[in-house]
Amino acid sequence: MARPELYGALAAAILQDATIRWGLPAPDGHRHFTFAAACDVLVSLGVAEAVDTYGSDYDASVYRQYRLAVDGNKTAAVVAERASSGAFDMPPIDEVLAAWLACAFSSSW
């Protein structure tokens with residue numbers, strides 16, 4: 001397993017890039033797929049929540065909204081603590097890194 005500090009640093013970087021590019025929490029489900037992938041990684045790391053909302057009677061769409069589950073300033077520390085405790089099932093570090101790279105270098109504004 002990767003060092004817990006690396007998980008924390010990548011989680012904070014994903015949060016920062018997602019917030020700068022698309023705004024977090026996401027106000028609606030109409031977001032770039034890179035944003036959704038980055039937020040799904042934050043959910044798997046335990047620092048964000050995903051909530052599905054449904055359209056009106058005329059719109060049967062399902063929209064996924066994301067919101068932080070912890071104070072954004074504490075993201076790195078929370079994720080590092082979760083990773084070091086061993087009590088949580090952490091995603092592979094290469095998936096976390098790939099999500100950050102996709103988010104950081106996405107050209108979609």
Side-chain angles (χ1 to χ4, degrees):
M1 184 174 102
R3 294 183 53 116
E5 296 83 11
L6 182 57
Y7 274 104
L10 286 173
I14 290 170
L15 177 60
Q16 179 180 354
D17 287 332
T19 302
I20 290 170
R21 295 195 191 302
W22 297 290
L24 188 67
D28 58 43
H30 301 287
R31 295 293 179 176
H32 192 271
F33 70 92
T34 305
F35 173 81
C39 287
D40 285 339
V41 167
L42 292 176
V43 169
S44 70
L45 293 172
V47 294
E49 299 172 337
V51 178
D52 291 334
T53 57
Y54 301 92
S56 65
D57 292 339
Y58 305 105
D59 180 13
S61 300
V62 177
Y63 301 101
R64 176 154 281 183
Q65 296 181 336
Y66 297 92
R67 62 176 169 242
L68 290 177
V70 300
D71 179 349
N73 295 325
K74 298 179 181 176
T75 299
V78 169
V79 172
E81 176 64 32
R82 288 174 61 95
S84 67
S85 74
F88 300 96
D89 194 21
M90 301 300 282
I93 196 66
D94 57 339
E95 289 179 15
V96 179
L97 178 60
W100 171 69
L101 289 172
C103 184
F105 296 104
S106 172
S107 61
S108 175
W109 288 85

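Positions are given from 1, in the same order as the sequence printed here.
- Across every non-hydrogen atom of Pro91 and Tyr7, the tightest pair is O-OH, 2.6 Å.
- Contact of the Val70 side chain with the Val79 side chain is not registered, since no non-hydrogen atoms from C-beta on lie closer than 4.5 Å.
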_Check against side-chain contact (heavy atoms from CB on, under 4.5 Å), Trp100 and Val41_ = CA-CA 9 Å; Trp100 171 69; Val41 167; over 6 Å; no

*Determine, stepwise, if the pair Val43 / Glu49 fulfils side-chain contact (heavy atoms from CB on, under 4.5 Å).*
CA-CA 6 Å; Val43 169; Glu49 299 172 337; 5.7 Å; no

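- When all heavy atoms are compared, the tightest approach of Ala37 to Ala99 is O-CB, 4.4 Å.
- There is a path of hydrophobic side-chain contacts, each under 4.5 Å, that joins Leu42 to Phe88.
- By the neighbour-count criterion of 12 heavy atoms within 6.0 Å, atom CG of Asp94 is densely surrounded, having more than that number from other residues, nucleotides or ligands.
- The distance from atom CD of Glu81 to atom CD of Glu5, rounded to the nearest 0.5 Å, is 10.5 Å.
- Closest approach of Ala12 to Thr75, counting heavy atoms only: N-CG2, 4.1 Å.
- Taking 4.5 Å as the limit, some side-chain heavy atom of Met90 sits within range of a side-chain heavy atom of Leu45.
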*Could you walk me through whether Leu15 and Val47 pass the side-chain contact (heavy atoms from CB on, under 4.5 Å) test, one step at a time?*
CA-CA 9 Å; Leu15 177 60; Val47 294; over 6 Å; no

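- If you take CG on Leu101 and CG on Leu97, they are separated by 4.5 Å, rounding to the nearest 0.5 Å.
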